[in-house]
Amino acid sequence: MDPLENLTTNSGLYWARLENSSRCCEADTASIEPVRIVDIPVTRLQSNENIPLRRQECVNLKILDEYLGDPNDIDYTSRLISICQNDSWSRLQITKSMLRKLVEHHGIDADFLEVPLSFFYRTTDEEQSFSVPWTVKDDGHSIQSFYTFRYAEFKGLVNEPWVIRQAGVYHKYDVQDNTSLYVLLNAVPNSAAYRRVLECFSSHQAQMKSSPLWLHCVIHASYFMNWRDYIDEYEKRLLPIVSAKERTCVTKTVHQKISSRLANVKRSCRTFMRTGIFLQQRSNCTAVLLADTLAFRNQGVAQEQNGSMVILTRSAVFITVITLIYLPWTLVTGIFGMEFFEMDQVTKSLMTSPQIWIYFVTAVGATVLTMALYYVMAGFPKIRREKETAETSEQSSHVPTSLQRGYTDIEKNLKGVQK
């Protein structure tokens, strides 16, 4: 693929745009005006006999597929494909499947789809003023060119005698086979351009053969002279209006009244502007007061919670002190309440069991296990915090210093306490 092909705007998205569009082509099930195909057979120029042109009207994909046949079997010197609209700014009378068949069969570049995508009912000034520019693509074997243009046409209505319509032209000239393919998109069936091109196919094959671009001149000449009548028509309408305005004089009194009214309107606008600024300031003050009120309320809730925490802390301290007082007594009672100690009834002395070592071994083991479990459970959160801090530091090292977030005062104080 040519590397410069990637620079073409939306070169790979034309088919997607066509498939997603519902404005430029008819549905496959709709009844359409026929797509007309006119061919100049090769034998017409090779012999002196008056061989008629080949014509076909296709209203569906099946008829089109049967007529086109093998894409490698080129038995014409020039081919015209005429596609029309029902009326100006309506959909093209062709289905998407038929259009795809024509493009793929004749090897037409996908950029050409910009031309049929321009045929739909337009509502905005931007859409109505857009035209596909003259585009030329040369791949060494063929030269392809396409564009759209506007033209004026007489409609005959009283309020709107003239209308602006659109036509699209595509031309592919094969350098090796010396053949031409023309695609003409008309605003209406049997347009002036189609009739003149059909006449050229019938009677002017020699001019078309010697000058492949000659047919473009014929198409433009079909409408170019209409612009003179179009301008003349609207000149006749505008000149009386201009003359009437020139005869209308504004007196000094009327001028003063108009100036006075404009001055009043100007002062009213200034008053409205000052009122708007004042209301904006009042709303800002109200918003600030509301934010401060919510902040004070939050502070009150925080103080209540702090008071509850102080009471709970005092209760915990009291319980802890009581526990420290009674815990030794409970321990001593538990030890002497076991069967390791007994009183000799004869000598009245205290006797100790030889198996008392079991108690001390079990107590020491349980104590060691409890302390180890505590340090393990207390150490995991610390290890996790250190790991998260290390990851955060590593990530921030790749960020410029100007973009790194600084520590707040609370974070600095907590960090100092931990150290």
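Residue indices begin at 1 and follow the sequence shown.
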Let me know which of Ile37, Ile40, Asp75, Val38 forms a side-chain contact (heavy atoms from CB on, under 4.5 Å) with Arg54. Asp75

Between CH2 on residue Trp214 and CD on residue Gln207, distance to nearest 0.5 Å: 5.0 Å

Quick one: closest heavy-atom pair of Ala193 and Ser222, and the distance? CA-OG, 3.8 Å

With under 30° as parallel and over 60° as perpendicular, where do the rings of Tyr147 and Trp134 fit, or are they tilted in between? tilted

Indicate whether any N or O donor in one side chain lies under 3.5 Å from an N or O acceptor in the other, for Tyr170 and Gln144. yes

Shortest non-hydrogen separation from Leu185 to Leu92 and the atoms involved: CD2-CD1, 3.5 Å

Any donor-acceptor pair under 3.5 Å from Glu153 side chain to Tyr223 backbone: no

Please answer whether the main-chain N or O of Asp138 pairs with a side-chain N or O of Ser142 as donor and acceptor at a distance below 3.5 Å. no

Do side-chain atoms of Asn20 reach the backbone of Ala16 as a donor and acceptor pair under 3.5 angstrom? yes

If you draw a 6.0 Å radius around OH in Tyr234, do more than 12 non-hydrogen atoms from other residues or ligands fall strictly inside? yes

Would you name the heavy atoms of Ala152 and Trp227 that are closest together and state the gap between them? N-CZ2, 3.7 Å

Side chain to side chain donor-acceptor pair (under 3.5 Å) pairs touching residues 174-189, sequence neighbours excluded, are Ser82-Asn186, His141-Gln176, His171-Ser180, Tyr173-Asn178, Asn186-Ser191

Taking every non-hydrogen atom, the tightest pair across Gly168 and Thr148: CA-CG2, 4.0 Å

For residues 274-291, run the donor-acceptor check on the side chains, cut-off 3.5 Å, and write out each pair with its distance to 0.1 Å, sequence neighbours left out.
residue, atom, partner, partner atom, Å
Thr275, OG1, Thr271, O, 2.9
Ser283, OG, Leu279, O, 3.2
Ser283, OG, Gln280, O, 2.6
Asn284, ND2, Gln280, O, 3.2
Thr286, OG1, Arg282, O, 2.9

Just by distance, do the side chain of Arg91 and the backbone of Ser22 share a donor-acceptor pair under 3.5 Å? yes

For residues Glu26 and Gln93, is any side-chain donor paired with an opposing acceptor at under 3.5 Å? yes

Checking Lys172 side chain against His106 main chain: does a donor-acceptor pair fall under 3.5 Å? yes

Asn264 side chain to Arg261 side chain, donor-acceptor N/O pair below 3.5 angstrom: no

Which atom names give the shortest non-hydrogen contact between Met98 and Cys58, and what distance separates them? CE-O, 3.9 Å

Side chains of Asp39 and Tyr67: any donor to acceptor distance under 3.5 Å? yes

Run the salt-bridge test on Glu233 and Arg228 with the 4.0 Å N-O cut-off and return the result as yes or no. no

In terms of side-chain geometry, is the basic nitrogen of Arg100 or Glu104 positioned less than 4.0 Å from the acidic oxygen of its partner? yes

Please work out whether the ring planes of Tyr151 and Phe149 are parallel, tilted or perpendicular, with thresholds of 30° and 60°. tilted

Under a 3.5 Å distance rule, please check whether Lys96 uses its side chain to pair with a backbone N or O of Leu18 as donor and acceptor. yes

Would you say the side-chain atoms of Ser210 pair up with the backbone N or O of Ala206, donor to acceptor, closer than 3.5 Å? yes

